[in-house]
Protein chains: 2
Amino acid sequence: MTKATRQAGGSAPALSVDKIVEHALELAEREGPGALTMRRLGSRLGVDATAVYRHFRDKDELVLALGDRTIARAHASLVDLGEHDDWRHVLRRIAEANWEQCQAYPAVYSLMFARVTGGPGERSMVELIMSTLAKLGLSQEKTALLYRLFVDTVLSLCGMNATARTLPPDILEKDTTAWSRVYAVLPHEGYPAIRGHADALVSVTGEQIYRASVESTIAYIAAQV
Amino acid sequence: MTKATRQAGGSAPALSVDKIVEHALELAEREGPGALTMRRLGSRLGVDATAVYRHFRDKDELVLALGDRTIARAHASLVDLGEHDDWRHVLRRIAEANWEQCQAYPAVYSLMFARVTGGPGERSMVELIMSTLAKLGLSQEKTALLYRLFVDTVLSLCGMNATARTLPPDILEKDTTAWSRVYAVLPHEGYPAIRGHADALVSVTGEQIYRASVESTIAYIAAQV
DNA sequence: ACCTGAACACCGTTCAAGT
DNA sequence: ACCTGAACACCGTTCAAGT
């Protein structure tokens, strides 16, 4: 018997934080970040839109809760990492876990990649990264800068990728076909370098770019040690 | 006498693409990306909101026009670059020009950093970067990847920075004080690495991070040559 | 050709009211 | 305690109408 069922009316509450988060996540990922509205969420949950305000101060708190949940999942996938793993291996695993979450929940990443959730998921992830970099024995200032370099690289690339992938269908189409529509047919005069690389440019994947960026950052950190 | 004044009615049109873009830019930068609505833009221009639809298919076309304008400005600030400048110098200047535009027009960057404008500003910038990297004599595939690595690094970091800086005032306050509110007061037990670097973390600037990221990318490219 | 204004189908959030 | 429903102040966009 839950706390709720013991209350005055006797009937269980229709909503809970977990239930709201779960449905919000599904709505955002199935129909895009723009479809995550309080009204649509309410109708999905079978309640009035304003009922959600009993459990979250406002929409922003809900978005941060979704964000912290995905970071918590990324962190949970890293439980096998130990104290004595090489820092490069740890950073690669963290970057990989974020990429996986970003591919699975692009709408959430697009909504919160530039935010601070302050939640338990984020706190665990920050501690993991900071403790990994602290082992390098650099100054506090240098350690802090390299932490931000790594985190911002991971979040900004995941965020940009997620934002691009979750644009409204008509706009997404416009952007993804831009290379073949405009860049591949530019005149050689004026745009020789673009035309000379048009084929190669369209086949570069987001994952290749992400990997290169993570390796670049790790090499940069290694050079400071 | 403009084309418009020669027309049937004789009276000059109230709107032009340039006038709309200029006022939209001012509105977005003064009051944030969320304030850029067709209705508010219309009232600023002294016309009905729907009058803008004579000059732009929809709001997205307007946003892309704003975006291409800022890229064009970044490109215009690089006219002194020549054929024989060192590629590292050229990439640093391009990164710097984007950072300057992003600081001056964060609302625009937040709206379009993950987009493809396909416009003249973007085309010039793409050609400049591609031609710079083409001189390294790498394969088409490698050149294309390094192009995307550089561009995505610049745009994603500028975009994240711009997005964070242009959040609505109450949310911005919440995010910027998160470090002192939650991270600086975390218990040592459980969060030793965070607490050990709390002071250093708050003093890292976005510009430091950006510079480090650009240098990291340049070093990574240099290692491929 | 260019702009207006009503209309449609939406938003987030507040607040009084119900149970 | 928890949810409803009306209300307020907004959105982007379409379309017929005006000049």
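Naming convention: chains lettered A, B, ... in sequence-line order (proteins, then strands); numbering from 1 in each chain.
The A:P13 side chain lies nearest to D:dC3 when the options are D:dC3, C:dC3, D:dG12. Candidate nucleotides D:dT4, C:dG12, C:dA7 were compared by shortest atom distance to the side chain of A:K59, and C:dG12 ranks first. Closest approach to the B:D48 side chain among C:dC11, C:dT4, C:dC3 is made by C:dT4 (side chain taken as heavy atoms from C-beta onward). Here C:dT13 is the nucleotide among D:dC2, C:dT13, D:dT4 with the atom lying nearest to any side-chain atom of A:M38. Closest to the B:R39 side chain, of the nucleotides D:dC3, C:dC8, C:dT13, is C:dC8.
With no hydrogens or angles considered, no side-chain donor-acceptor pair links A:D152 and B:Y210 at under 3.5 Å. For A:Y183 and A:R195, the side-chain atoms include no donor-acceptor pair closer than 3.5 Å. Side-chain contact, B:T50 with B:D48: a donor N or O sits under 3.5 Å from an acceptor N or O. The closest side-chain donor-acceptor pair between A:Y109 and A:N161, if any, does not fall under 3.5 angstrom.
What separates OH of A:Y53 from P of D:dC8 is a distance of 17 Å, to the nearest Å. Protein atom CG of B:L36 is 11 Å distant from nucleotide atom P of D:dT13, rounded to whole Å. Atom CD in A:E31 sits about 12 Å away from atom P in C:dC10, given to the nearest Å. Per the geometry, CG belonging to A:L41 stands 11 Å off P belonging to C:dC11, to the nearest Å. The separation between B:L15 atom CG and C:dC2 atom P is 10 Å, rounded to whole Å. The nearest whole Å value for the distance from the CG atom in B:D60 to the C1' atom in D:dT13 is 14 Å. If you take CG of B:L45 and P of C:dC3, they are 10 Å apart, rounded to a whole angstrom. Taking atom CZ of B:R54 as the reference point, atom C1' of D:dC15 lies 10 Å away to the nearest angstrom.
For C:dC11, the OP1/OP2 oxygens have a side-chain nitrogen or oxygen of A:T37 closer than 4.0 Å. Listed pair B:H55 / C:dC3 meets the phosphate criterion, a side-chain N or O lying under 4.0 Å from OP1 or OP2.
Contact annotation for A:A14: backbone-only contact, meaning every heavy-atom pair under 4.0 Å involves sugar-phosphate atoms and none involves a base. The residue A:R57 sits apart from the nucleic acid: no heavy atom pair falls under 4.0 Å.
Of the nucleotides present, none pairs with C:dC10 by Watson-Crick or G-U wobble criteria with both distances under 3.5 Å. Here C:dA16 sits opposite D:dT4 as a Watson-Crick or G-U wobble pair (both hydrogen-bonding atom distances under 3.5 Å).
Cation-pi check for A:R69 over A:Y105 is met; the charged atom lies under 6.0 angstrom from the ring centroid and within 45 degrees of its normal.
At a cut-off of 3.5 angstrom, counting only N and O atoms as typed in the model, there is a donor on one side and an acceptor on the other between the side-chain of B:T50 and the base of C:dG5.
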